[in-house]
Amino acid sequence: PPAQSHSDWIGPPDKHSNLRPVIFYVPPEESPLERRLREARQENQACNQHFWARHNRAFRQEKEEFIYSRLKAKGLEMRDETGQKATLNAEEMADFYKDFLSKNFRKHMQYNRDWYKRNFTITFLMGQVALARALRWLRWKKKNVE
């Protein structure tokens, strides 16, 4: 982001996680509380990026293996006569999706628990930062009125 920017910058979706990375704005006179909030948000982004990149990689690999095994069982190749990639019907793919979700249920539950904890912390810190800023503004206003 340009030096004169005063806001977070959001990039294009990552090719592995499909999440949009954020470059967080760092104010020149960032308070320790504001820094804790920004670092918590950055840590949350890194955790989400890591989880979804791993999850999506596993999903794609297992999906390819599933399609290959089903096509092989039918005596078909990965590509048809025209060179197009062979596909399975929606019912067959539904079996894969159901199995994949069942197999990864615990991982998703753990991710959700961690995500809620991190977001609760971020929300709490946001409240503290908002309160500190409001008090700072009130003190400044009171000082300028006198």
Side-chain angles (χ1 to χ4, degrees), residues 1-73 76-80 83-144:
Q4 69 273 15
S5 174
H6 294 285
S7 58
D8 298 339
W9 278 62
I10 300 172
D14 178 79
K15 67 180 181 177
H16 301 291
S17 69
N18 291 326
L19 299 177
R20 297 172 65 99
V22 178
I23 297 173
F24 293 95
Y25 169 67
V26 182
E29 295 181 17
E30 182 178 49
S31 72
L33 186 60
E34 290 169 329
R35 188 183 77 251
R36 278 182 53 207
L37 171 59
R38 179 179 48 79
E39 289 171 350
R41 292 176 67 208
Q42 288 170 324
E43 180 185 329
N44 189 38
Q45 178 184 337
C47 289
N48 290 337
Q49 174 72 26
H50 180 72
F51 174 83
W52 287 107
R54 269 193 7 247
H55 178 272
N56 292 345
R57 193 175 310 115
F59 177 82
R60 284 189 293 272
Q61 181 179 350
E62 290 181 34
K63 181 179 168 186
E64 286 298 316
E65 290 168 1
F66 177 82
I67 292 171
Y68 177 76
S69 68
R70 287 288 173 102
L71 290 173
K72 188 175 178 183
L76 300 172
E77 295 293 323
M78 287 298 284
R79 300 214 177 258
D80 64 15
Q84 293 287 325
K85 199 170 186 180
T87 59
L88 300 175
N89 66 37
E91 288 178 17
E92 291 172 303
M93 289 309 297
D95 292 338
F96 165 74
Y97 298 133
K98 180 180 180 290
D99 291 343
F100 184 83
L101 288 174
S102 296
K103 189 167 58 172
N104 289 283
F105 179 77
R106 290 192 192 282
K107 286 180 192 174
H108 282 251
M109 289 300 292
Q110 185 61 49
Y111 169 78
N112 284 340
R113 272 190 226 106
D114 293 344
W115 184 84
Y116 276 110
K117 286 177 191 176
R118 287 191 309 271
N119 280 293
F120 178 78
T121 300
I122 288 169
T123 303
F124 182 72
L125 287 171
M126 289 176 89
Q128 288 182 311
V129 166
L131 181 62
R133 286 178 181 169
L135 291 173
R136 193 178 331 140
W137 181 79
L138 287 172
R139 277 190 229 115
W140 177 83
K141 190 163 177 127
K142 183 179 177 184
K143 187 168 68 171
N144 286 342

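A quick note: this is a predicted structure, and the numbers were derived from the prediction, not measured. Residues: numbered from 1 along the sequence shown.
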Query raised in the report: So which heavy atom on Ser17 is nearest to which on Asn56, and how close?
Result: O-ND2, 3.2 Å

Query - Euclidean distance, Lys63 NZ relative to Met93 CE, rounded to 0.5 Å - result: 5.0 Å

Report summary line: So CG of Asn48 and CG of Asp14: to nearest 0.5 Å the spacing works out to 12.0 Å

Query raised in the report: With a cut-off of 6.0 Å (strictly less than), are more than 12 heavy atoms of other residues, nucleotides or ligands near CZ of Phe24?
Result: yes

Report task. Step by step, work out the side chain to side chain contact (heavy atoms under 4.5 Å, CB included) result for Ile67 and Thr87. Result -> CA-CA 7 Å; Ile67 292 171; Thr87 59; over 6 Å; no

Report summary line: All heavy atoms of Gln45 vs all of Pro21, minimum pair found to be NE2-CA, 3.4 Å

Query - Minimal non-hydrogen separation, Leu37 against Ile122, with atom names - result: CD1-O, 3.7 Å

Query - Nearest-0.5 Å distance, CZ of residue Arg41 to CG of residue Asn119 - result: 10.5 Å

Query raised in the report: What's the spacing between Thr121 OG1 and Tyr116 OH if we round to 0.5 Å?
Result: 14.5 Å

Requested in this report: Answer yes if the ring centres of Phe59 and Phe66 are under 6.0 angstrom apart, and no otherwise.
Outcome: no

Requested in this report: Could you verify whether a donor N or O on one side chain and an acceptor N or O on the other, from Gln61 and Glu65, lie under 3.5 Å apart?
Outcome: yes

Report task. Check whether any side-chain heavy atom of Leu135 lies under 4.5 Å from a side-chain heavy atom of Arg139, and answer yes or no. Result -> yes

Query - Inter-residue atom distance Arg136.CZ - Leu131.CG, 0.5 Å rounding - result: 10.5 Å

**Report entry** Minimum heavy-atom distance between Glu62 and Lys103, given as atom pair plus value
**Finding:** OE1-NZ, 2.5 Å

Requested in this report: Of all the heavy-atom pairs spanning Val26 and Glu30, show the shortest one and how long it is.
Outcome: CG1-OE1, 3.6 Å

Requested in this report: Please check if atom OH in Tyr25 has more than 12 non-hydrogen atoms from other residues, nucleotides or ligands closer than 6.0 Å.
Outcome: yes

Requested in this report: Would you please classify the geometry between the Trp52 ring and the His55 ring as parallel, tilted or perpendicular, with 30° and 60° separating the classes?
Outcome: perpendicular

Query raised in the report: Does atom CZ of Arg70 have more than 12 heavy-atom neighbours from other groups under 6.0 Å away?
Result: yes

Query - Pair His50 and Tyr111, ring centroids less than 6.0 Å apart - result: no

Requested in this report: Indicate whether any N or O donor in one side chain lies under 3.5 Å from an N or O acceptor in the other, for Arg38 and Gln42.
Outcome: yes

Report task. Check Glu64 against Lys85 and note the closest heavy-atom contact, atom names and distance. Result -> OE2-NZ, 3.2 Å

Query - Rounded distance [0.5 Å steps], CD in Gln128 versus CG in Leu33 - result: 5.0 Å

